[in-house]
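The structure under discussion appears below in the form of structure tokens.
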Number of protein chains: 2
Amino acid sequence: MWLRPSARKGRDAPPLSRDRIVEEAVTLLDAEGADRLTMRRLAERLGTGSTTLYWHVKTKDDVLDLALDMIFAEVLIPAESRGWRADITALIDGWRAVLLRHPWSAALLSRPMLGPNVLARSEFLYATLLRAGAVEPHLTAAAYGLSNYVIGSGLMQATWPTGAGQEARQAAQEHLRAHRESYPALAAHGPHVAEADWDTGFALGLTWLLDGIQAGIAGK
Amino acid sequence: MWLRPSARKGRDAPPLSRDRIVEEAVTLLDAEGADRLTMRRLAERLGTGSTTLYWHVKTKDDVLDLALDMIFAEVLIPAESRGWRADITALIDGWRAVLLRHPWSAALLSRPMLGPNVLARSEFLYATLLRAGAVEPHLTAAAYGLSNYVIGSGLMQATWPTGAGQEARQAAQEHLRAHRESYPALAAHGPHVAEADWDTGFALGLTWLLDGIQAGIAGK
DNA sequence: TCGGTCACCGGATCATTGATCCAGTGACCG
DNA sequence: CGGTCACTGGATCAATGATCCGGTGACCGA
């Protein structure tokens with residue numbers, strides 16, 4: 001009784017808020033991946049009981065949605081314009097970097113992304129394309145093409161077991177080599193060969209898309 | 001005792017095999033979505049105990065991996081060539097159609113796809129590009145660009161609450177309209193406006209990618 | 001100063017689910 | 001005919017998302 005802790009549980013825990021929960025969720029996701037995130041583990045890290053989290057958040061999915069939106073804040077929106085191609089390239093590159101920095105996000109991409117940060121990036125994309133002179137149907141096609149391309153790339157690369165999943169990666173290569181005669185082209189030129197060139201490949205594809213968009217604008 | 005069922009449980013159940021399990025898993029996924037798939041429910045549909053499934057399959061994830069690979073068998077690989085652009089277009093369009101026909105697949109795209117059906121399609125893609133004359137780094141960029149583009153598109157469109165999720169879709173539109181002043185370009189030209197033109201947009205983006213690939217081949 | 005409200009917290013508990021233990025069971029073989 | 005072996009499933013376990021309900025203390029108006 002005399003020694004009853006004056007403040008909260010932890011040493012200096014700031015007073016638990018929705019933001020703090022999401023923040024901790026992101027670091028937990030970064031550290032251990034999507035399937036290791038449970039409400040109990042999250043609560044423990046925050047120095048509270050798992051029940052308490054439900055006061056600030058309705059369901060676990062909410063935490064995931066919020067975490068997903070939070071990392072999109074890291075994608076910085078070009079302040080001053082250097083031309084639409086440069087602006088869009090910067091945005092898309094930043095977007096991709098975030099997806100790769102938080103590989104768990106790939107698994108969450110299948111839920112509707114309507115958070116403010118995501119919307120702000122989409123807004124910038126649309127606005128830039130409009131300013132560049134894009135009109136329908138090229139406008140929508142451009143916006144979607146670019147988004148889909150980044151998302152697909154991020155998903156693909158985050159999925160592919162590089163770095164961390166050494167044994168899984170080994171297994172995959174082994175798998176391909178074992179079926180070499182079934183997939184000759186794949187075995188000879190597949191992802192495991194030119195493995196480090198994700199960046200080059202991504203940049204090339206992006207160029208193609210931008211060229212197509214530019215041609216569409218000019219030709220209109 | 002006298003009336004002991006001669007065959008198995010159900011009327012005419014064929015003798016439960018891994019294939020039958022996966023097949024039923026796909027129809028269950030099609031009918032109710034990814035989160036309604038549990039081993040118990042799956043077993044019940046098959047007229048067996050849930051335990052039995054584990055004799056044919058190691059984990060639930062195996063079922064998901066197998067189901068994902070199974071639907072890729074629906075993507076038909078062009079038998080005789082009509083030129084590399086046409087061939088690739090056919091493959092990619094088929095691929096996209098499958099992703100949209102089985103929306104649950106979007107959520108599973110984040111796991112490594114190494115099943116035979118997936119690999120066979122990748123093989124065809126690489127082989128076609130090689131035959132068209134693509135060389136590195138354009139080869140990898142092309143293969144990845146195309147794959148990423150379909151995957152992203154499928155994910156995006158399957159995610160976006162169309163048709164089925166009426167209320168969710170309404171909510172999303174409402175959400176955008178409510179923040180109209182924050183996202184002017186998005187509100188004016190966003191996805192909810194030109195909503196039906198997924199196909200056109202997809203085709204346009206695909207054209208851009210193919211044009212870029214073609215230019216890369218020619219210029220080499 | 002006092003009583004009460006209310007934002008916030010958490011132990012106990014429930015239902016669901018993936019997975020395993022172990023005891024069958026019957027077809028087939030030598 | 002005895003035994004092996006592919007196959008089945010009831011009971012059970014541990015983990016997890018979520019809820020019930022009883023605290024607790026800061027603050028506020030009287």
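Reminder, nothing fancy here: chain letters follow the sequence lines and each chain counts from 1. If you're wondering where the values come from, they're calculated on a predicted model, not measured in any experiment.
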Task: Qualifying residue, where the test is side-chain contact (heavy atoms from CB on, under 4.5 Å) with A:L64 and the options are A:D69, A:T59, A:L37 - done: A:L37
- [ ] Please confirm whether the backbone N or O of B:F124 pairs with a side-chain atom of B:T128, one donor and one acceptor, at under 3.5 Å?
- [x]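 Yes; judged by distance alone, with no hydrogens or angles, the pair exists.
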Open item on the list: Is the ring pair A:F72/A:W95 parallel, tilted or perpendicular, if the boundaries are 30 and 60 degrees?
Closed with: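 Judged by the thresholds at 30° and 60°, the geometry between A:F72 and A:W95 is perpendicular.
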Nucleotide [N], atom [atom2] - distance to [atom1] of [X] in whole Å:
X     : N      : atom1 : atom2 : answer
A:L53 : D:dG17 : CG    : C1'   : 11 Å
B:L64 : C:dA19 : CG    : C1'   : 15 Å
A:D19 : C:dC8  : CG    : P     : 13 Å
A:E44 : C:dG11 : CD    : C1'   : 15 Å
B:R41 : C:dA19 : CZ    : C1'   : 19 Å
B:L42 : C:dA19 : CG    : C1'   : 15 Å
A:D61 : D:dA18 : CG    : C1'   : 12 Å
A:L46 : C:dC8  : CG    : C1'   : 15 Å

TODO: With pairs defined as Watson-Crick or G-U wobble and both distances under 3.5 angstrom, please note down DNA chain D as a dot-bracket string, | for pairing with another strand.
DONE: ||||||||||||||||||||||||||||||
Open item on the list: OP1 or OP2 of D:dT8 versus the side-chain N and O atoms of B:H56: is any pair under 4.0 Å?
Closed with: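 Yes, because at least one side-chain N or O of B:H56 sits under 4.0 Å from OP1 or OP2 of D:dT8.
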TODO: Taking only the side-chain nitrogens and oxygens of A:W55, find out if one of them lies under 4.0 Å from OP1 or OP2 of C:dC8.
DONE: yes
Charged N to carboxylate O below 4.0 Å: is that the case for [X] and [Y]?
X      : Y      : value
B:E74  : B:R121 : no
A:R45  : A:E32  : yes
A:E174 : A:R177 : yes

- [ ] Tell me, yes or no, whether the heavy-atom count around B:R180 atom CZ, taken from other residues, nucleotides or ligands under 6.0 Å, exceeds 12.
- [x] no
Open item on the list: For B:Y144 together with A:F202, are the ring centres under 6.0 Å from each other?
Closed with: no
Open item on the list: Checking B:T140 against B:E136: is there a side-chain donor and acceptor pair closer than 3.5 Å?
Closed with: yes
Please list, pair by pair, any protein nitrogen or oxygen found under 3.5 Å from a nitrogen or oxygen in nucleotides 19-23 of chain D.
none

- [ ] Could you check B:L76 against B:L91 for side chain to side chain contact (heavy atoms under 4.5 Å, CB included), going step by step and ending with a plain yes or no?
- [x] CA-CA 7 Å; B:L76 32 100; B:L91 183 78; over 6 Å; no
Open item on the list: Apply salt bridge (charged side-chain N to carboxylate O under 4.0 Å, His left out) to residues B:R96 and B:D199 and explain how you reach the verdict.
Closed with: CA-CA 10 Å; B:R96 174 166 177 261; B:D199 292 355; 3.1 Å; yes
Task: Contacting residues from residues 27-39 of chain A, given that a heavy atom lies under 4.0 angstrom of DNA chain D - done: A:L37, A:T38, A:M39
